[in-house]
Amino acid sequence: MKRHLSLAFTLCCTLCLLAASAKAQAGQRVAPSISVTQLRDGVYFAEPNAGGNAGFIVGDNGVIVFDATTSPALGKLLLAEIAKVTPKPVTTVILSHSDGDHTSGLASFPTGLTIIAHENCKADLVATANTRNPFPQDHLPNKTLTKSETVTIDGVKLQILHFAAAHTSGDLQLYLPQQKIVFTGDVIATNCCGNVRGPQVYTLIHPQKNGSGEGWVRTVKGLLALNADTYLPGHGEVQTKADVQQRFDRVETRFNAVKKLVAQGKTLEQVKQALPDTGLDPSLDPVQFPDFTTVVYNELTRKQKS
Ligand SMILES: [Zn+2]
């Protein structure tokens with residue numbers, strides 16, 4: 001388990017860096033860069049040129065950051081972008097999950113901040129301590145939760161959400177009720193690593209981090225029920241509620257189709273014949289980045305046996 005976790009953590013970071021380095025090898029120096037968009041008063045979306053997206057909210061006395069980017073260099077850039085917007089200090093960081101492309105940038109953040117994460121996310125990060133690519137242990141989450149919480153931080157009303165295990169078992173989403181904005185983390189990702197490179201048809205689940213297809217359906221149903229009109233994905237562009245609804249409908253339909261075939265006792269091969277997938281990226285390791293149909297098949301057959 002520990003080896004799996006550290007492998008997944010390392011691989012996420014590596015893949016993002018690989019993409020950049022492939023360009024570098026092709027002679028294109030790819031300096032880390034980050035583009036920041038103001039969405040509503042005090043709410044900003046940050047899209048780095050590698051790894052996971054992030055964001056920040058300017059509060060009364062401080063700044064709340066959602067996710068910390070894929071590398072110390074990008075983490076530094078994110079802090080510099082925040083400083084361009086406000087002299088207020090970063091006080092709080094909320095982590096959507098433990099994948100390195102959303103957490104490694106924390107190494108550049110000051111110590112002593114409030115770092116909020118799901119309990120399982122923290123466990124994943126602790127487990128990387130003796131690996132080749134450890135998460136900075138002096139930046140471990142110091143406030144953990146296992147279910148949704150409504151809080152006010154620096155004068156900003158927030159709902160920190162956890163509906164179920166989805167992309168990983170330690171997923172958090174952030175809902176700003178007054179601004180009708182949701183930071184989704186990798187529960188919604190329209191491009192990037194794994195089998196989501198190119199047109200993402202369904203979603204990426206990490207079974208090695210106890211992610212779940214069933215939990216994804218429950219989570220996104222919950223996110224769609226929120227009074228929100230703007231969804232900020234872990235990878236890719238700003239999503240409307242209609243965009244998220246379309247993805248939800250596709251994923252739920254595929255989930256139910258697999259469920260029906262599993263109930264009929266079909267093998268994975270038979271399920272894949274009946275439900276062919278297009279656009280899967282053959283260059284990526286299917287163990288680390290399994291396609292959605294395989295994840296659901298394994299999840300439901302495991303459940304049948306238990
Ligand atoms: Zn992820």
Side-chain angles (χ1 to χ4, degrees), residues 4-20 45-55 65-71 74-75 78 93-106 116-125 127-128 131 133 135 141 161-174 182-198 200-213 215-216 219-220 223 231-237 239 244 247 251 281 284-292 295:
H4 257 311
L5 273 176
S6 56
L7 206 58
F9 182 81
T10 314
L11 208 73
C12 273
C13 309
T14 320
L15 270 172
C16 301
L17 296 171
L18 269 176
F45 183 42
E47 294 170 274
N49 65 342
N53 294 332
V65 175
F66 186 81
D67 278 347
T69 78
T70 192
S71 67
L74 278 163
L78 177 59
V93 178
I94 300 167
L95 296 178
S96 69
H97 64 300
S98 62
D99 285 351
D101 61 323
H102 292 261
T103 58
S104 302
L106 255 178
I116 303 173
H118 187 281
E119 222 167 69
N120 295 341
C121 171
K122 181 174 183 178
D124 290 348
L125 297 173
T128 67
T131 64
N133 194 6
F135 174 81
L161 303 172
H162 178 78
F163 294 91
H167 179 66
T168 73
S169 68
D171 292 350
L172 291 181
Q173 298 86 37
L174 181 63
V182 182
F183 287 90
T184 70
D186 278 2
V187 165
I188 303 289
T190 66
N191 65 26
C192 191
C193 310
N195 287 321
V196 295
R197 196 176 289 170
Q200 164 52 304
V201 180
Y202 303 112
T203 189
L204 176 65
I205 308 281
H206 289 315
Q208 70 275 29
K209 289 188 173 179
N210 300 312
S212 157
W216 188 97
T219 296
V220 179
L223 297 180
Y231 292 77
L232 308 176
H235 299 269
E237 315 76 40
Q239 303 282 286
V244 175
R247 183 174 303 280
V251 172
D281 187 323
L284 285 161
D285 177 349
V287 175
Q288 293 307 335
F289 297 95
D291 63 276
F292 185 68
V295 168

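Predicted, not measured: the structure shown is a model, and the values here were computed from it. Both ligands and their constituent atoms are indexed starting at 1 by order of listing.
- We find the CD1-NE2 distance between Ile205 and His167 to be 8.0 Å, quoted to the nearest 0.5 Å.
- Checked against the 6.0 Å centroid criterion, the rings of His102 and His235 qualify as a close aromatic pair.
- Asn53 places a side-chain N or O within donor-acceptor distance of the main-chain N or O of Gly236, the cut-off being under 3.5 Å.
- Taking CG of Leu78 as the reference point, atom OG of Ser71 lies at 10.5 Å (rounded to 0.5 Å).
- Rounded to 10°, the angle that NE2 of His167 and NE2 of His97 form at the Zn ion (ligand 1) is 100°.
- Closest N/O/S atom of Asp99 to the Zn ion (ligand 1): OD2.
- For Asp186, the N/O/S atom at the shortest distance from the Zn ion (ligand 1) is named OD2.
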